[in-house]
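Take a look at the structure below.
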Protein chains: 2
Amino acid sequence: MARQTIAETGEALTGHQTTQPDLGVLAARVLLSVQRELFTALAEQGFDDIAPRAGAVLAHLRTEGIRASEVARLSGQHKQVIGSLVDDLEHLGYVERRPDPADRRAKLICPTERGLLQMQAAASIMRAIEERHAAVLGTAEYAAFKTALNRVAELQQQAGHDSRTV
Amino acid sequence: MARQTIAETGEALTGHQTTQPDLGVLAARVLLSVQRELFTALAEQGFDDIAPRAGAVLAHLRTEGIRASEVARLSGQHKQVIGSLVDDLEHLGYVERRPDPADRRAKLICPTERGLLQMQAAASIMRAIEERHAAVLGTAEYAAFKTALNRVAELQQQAGHDSRTV
DNA sequence: CAAATTAGTCACCAATCTTGACTGTCACGT
DNA sequence: ACGTGACAGTCAAGATTGGTGACTAATTTG
């Protein structure tokens, strides 16, 4: 798995080991380890031809299709990157490009049958991962955690947006 | 966040917008937006010569120094990557290599005065970010969230470790 | 002392990200 | 209707980044 690489792996900068790691370090750890588990499990289920970086597209697929530029916005990646990812996924048979009836400039990225199977598999794996955490933390506590994480992600994205503008 | 990346930015694969995004997508969003805000703020405070990828090293710096291979383990990056990052940070005057008195093979990566200032600045910025979230969610709720995130990161890293072995 | 391990580096290759320019298409104001 | 500006997507090139294997030096093992 990447990058990503997360890219690979930018993190925050405080972190004496003695103190609690900060939000950035924790987010990085969760992301990397979730990615690793998810794509390992996917590979075991036969989806062994996709890399974590393709997740930027796959994570935002919908049965009705989605525009490339919307994927770019949601994933924070450039349009060119999305384009090449879609190229790859198209060759691998996970998605296909269809013209958008509502806008002749745009093309909808639609999952194929294989793409749908992959979406279901990924959703199932992620559900299992989260249920495992919920079993340790407690169902109610995990739900509260997830809600808070959602909220933090929203808040932080607004702030990140502002500071990008600066 | 890179970078990137955070990679890119591999994410999970479920995500109809109608349902709540999964753990991987949320972690990616938090990581990317925190990185963006942190490094923007650092740049405004005069630390404009460091990129998010350098965070892999900076996040694990300690005043007493730390070995390159330990940074590699903590950050999940290869030794070579750490080596080149340390090269850069050394030229920029953030860290210096000192021989490890305990092992003549090893070199300790120690922050310079500027490195210490940067560490303090980063810690302060991250504190401000987290306090902002705490103000919205409530102090107690945010503390609970942070604790849960820590726990999830631990659990997930164990799982990720296992699946890497497979 | 010889063998196996570990820390760090060098050099090379592959993958990835970023930028700028370019073609169609849409939306808006006149 | 028409010109202007904005947006969707693609092409192509450059720079950055990441991964791999081999190598030296020092430590540990037996």
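Each chain gets a letter, A, B and so on, in the order its sequence line appears, and its residues count up from 1.
In the set C:dT25, D:dG9, C:dG8, D:dG9 carries the atom at the smallest distance from any side-chain atom of A:Lys107. Closest to the side chain of A:Gln80, from the set C:dA7, D:dG19, D:dT10, is D:dT10. For A:Ala106, counting side-chain heavy atoms from C-beta on, the closest listed nucleotide (D:dG9, D:dG18, C:dA7) is D:dG9. Of the candidate nucleotides C:dA7, D:dG18, C:dT25, D:dG18 has the atom nearest to the side chain of B:Arg53.
Rounded to whole Å, atom P of D:dG9 lies 13 Å from atom CD of A:Glu90. Going from atom CG of A:Asp100 over to atom C1' of C:dG24 covers 15 Å, rounded to whole Å. Per the geometry, NZ belonging to A:Lys79 stands 15 Å off P belonging to C:dT23, to the nearest Å. Atom CG in A:Leu32 sits about 14 Å away from atom C1' in D:dG18, given to the nearest Å. Computed from coordinates, the B:Leu85 CG to D:dT16 C1' distance equals 12 Å when rounded to whole Å. Distance CZ (B:Arg98) to C1' (C:dG8): 18 Å, rounded to an integer number of Å. With rounding to whole Å, A:Gln77 atom CD is found 7 Å from C:dT18 atom P. Between the CG atom of B:Asp87 and the C1' atom of C:dA11 there is a distance of 14 Å, given to the nearest Å.
Each of A:Ala102 and A:Val81 has a nearest nucleotide on DNA chain C; the 5'-most of these lies closest to A:Val81. Toward the 5' end of DNA chain C, the nearer of the two residues B:Gly83 and A:Asp88, judged by each one's closest nucleotide, is B:Gly83.
Listed pair A:Arg104 / C:dC26 meets the phosphate criterion, a side-chain N or O lying under 4.0 Å from OP1 or OP2. Considering only side-chain N and O atoms, A:His78 lies under 4.0 angstrom from the phosphate OP1 or OP2 of C:dT18. For D:dT17, the OP1/OP2 oxygens have no side-chain nitrogen or oxygen of B:Ser84 closer than 4.0 Å.
A:Asp103 comes within 4.0 angstrom of sugar-phosphate atoms only, judged by non-hydrogen atoms across all strands, and of no base. Contacts of A:Arg73 with the nucleic acid, taken as non-hydrogen atoms under 4.0 Å apart, are absent.
Residue-to-nucleotide contacts include no donor-acceptor pair under 3.5 Å from the side chain of A:Arg105 to the base of C:dC26.
Counted by atom type alone, A:Glu70 and A:His60 present zero donor-acceptor pairs between their side chains at under 3.5 Å.
A:Arg29 CZ to B:Ser75 OG: the interatomic distance, rounded to the nearest 0.5 Å, is 10.0 Å. Note that CG of B:Leu89 is 9.5 Å distant from OG1 of B:Thr112, once rounded to the nearest 0.5 Å.
Using bins of under 30°, 30° to 60° and over 60° for the plane-to-plane angle, the ring pair B:Tyr94/B:Phe47 lands in the tilted bin.
Using a cutoff of 4.0 Å between basic side-chain nitrogens and carboxylate oxygens, A:Glu37 and A:Arg132 are scored as salt-bridged.
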